[in-house]
Amino acid sequence: GMMREFSGINVMEEEIRQRFTLRKVVIVPGDSDESPWVKEELGRATVLRMKEYLAGNNIIAVTGGTTMSAIADQLTPGLTSDPLLFVPARGGIGEDVRNQANTICARMAERAGVSHRVLYMPDQVSEEVYASFVKEPSINEVLSLIQHANMVIHGIGDAFTMAKRRNTNEQDLEKLQEEKAVGEAFGYYFNEVGEVVHKVLTVGLQLDQLATIPNVIAVAGGASKGKAIAAYLQSAPPNTTLITDEGAMNTLLKGN
Ligand code: BG6
């Protein structure tokens, strides 16, 4: 690995923490856009925080994405001696199976040797179908577990990268362009000043509930995500721990 320049990185962590009023900021050396091992480091740093924050009857709600997948890779049994359950944070938001919250959630639980639940909620349904699905007992049970989560772990994406990855329709793409969307997290799209300009309709955790969850861990790195991370952090609740890398933070700091 690379040598951590303690003073420099620690100063940067504190600067970001104060600027966005966050609980904690952890910056790993390197740029995950360029070196795959940096994403592994993001995963390791996240697992360390998870161990520190887990307490009592744990329900961890997770989103999807390649960064979340890198966290799953670092999980091993014995995360906590307390009860632990993984749930997806929200219903389908148009991702490929391998990037879906359900998939990540199942892999995390398998690696940690604990249980999980999945949310079988189709993407892009009519209001009526949506309303009847929510009443379905198997779905309702998972939704209520999500409402009791004491930890949320989520990724942050570049708005247009995410919109394209989700095969977003022309109309919504235009809306994102007009509204100058920059960042994205769990289906919400943000502009430069952190306002929500678009959201994918689905069940589960809603943005305004994040502030009531004791432990929120946002994980995102890479120079290409610097602006997206800055956009999201404008509205991130103060209980957020950010796990990121130097590549992303260098872009973020240059942008202002
Ligand atoms: C999605 C999450 O699955 O992954 C988003 O719902 C996040 O919140 C995105 O922005 C990030 O993906 P990746 O692959 O860049 O980690």
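Each ligand, and each atom within it, is numbered from 1 in the order the structure gives.
- By the neighbour-count criterion of 12 heavy atoms within 6.0 Å, atom NZ of K199 is densely surrounded, having more than that number from other residues, nucleotides or ligands.
- Under a 4.0 Å criterion applied to the non-hydrogen atoms of E184, ligand 1 contributes the atoms 5 (C), 7 (C), 8 (O), 10 (O).
- Counting atoms of ligand 1 from 1 in the listed order, those under 4.0 Å from a heavy atom of G155 are 7 (C), 8 (O), 10 (O).
- In R165, the part holding a heavy atom less than 4.0 Å from any atom of ligand 1 is the side chain.
- Two residues are said to be in side-chain contact when any heavy atoms from C-beta on lie closer than 4.5 Å; L119 and I139 meet this criterion.
- Polar contact with ligand 1: absent for A185 (N/O pair, distance under 3.5 Å).
- Taking the centre and axis of the six-membered ring of Y53, the NZ or CZ atom of R23 falls inside the cone set by 45° and 6.0 Å.
- Between R90 and ligand 1 there is no heavy-atom distance shorter than 4.0 Å.
- Applying the 4.0 Å criterion to heavy atoms of M162 picks out, from ligand 1, the atoms 1 (C), 4 (O), 9 (C).
- At under 3.5 Å, not a single nitrogen or oxygen of I93, backbone or side chain, sits near a nitrogen or oxygen of ligand 1.
- The number of heavy atoms from other shown groups lying within 6.0 Å of CD (E52) is above 12.
- Closest to atom 16 (O) of ligand 1 by heavy atom, among I156, T67, V200, is T67.
- Near E95, with a cut-off below 4.0 Å to any heavy atom, the atoms of ligand 1 are 1 (C), 3 (O), 4 (O).
- In this structure the side chain of V62 reaches within 4.5 angstrom of the side chain of M108, judged on heavy atoms.
- Using 4.0 Å as the threshold, R166 has a heavy atom nearer than that to some atom of ligand 1.
- Here the heavy atom of the protein found nearest to atom 14 (O) of ligand 1 is T66 OG1, 2.5 Å.
- Looking only at protein heavy atoms, the nearest one to atom 8 (O) of ligand 1 is F186 N, 2.6 Å.
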query = Given I71 and E40, is the side-chain contact (heavy atoms from CB on, under 4.5 Å) satisfied, shown in steps?
reply = CA-CA 7 Å; I71 300 167; E40 283 173 32; over 6 Å; no

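- Taking the centre of each ring, F190 and H198 stay at or above the 6.0 Å mark.
- Among the atoms of K39, none of the N or O lies under 3.5 angstrom from an N or O of ligand 1.
- Proximity of I243 to I217: side-chain heavy atoms (C-beta onward) are separated by under 4.5 Å at one or more points.
- Polar contact with ligand 1: present for G64 (N/O pair, distance under 3.5 Å).
- Regarding atom 15 (O) of ligand 1, its nearest protein heavy-atom neighbour is K225 NZ, 2.7 Å.
- Defined by atom type and a distance below 3.5 Å, a donor-acceptor pair is present between the side-chain atoms of T66 and K39.
- Residues K180 and E192 are not paired through a salt bridge, judged by the lack of any N-O separation under 4.0 Å between the basic side chain and the carboxylate.
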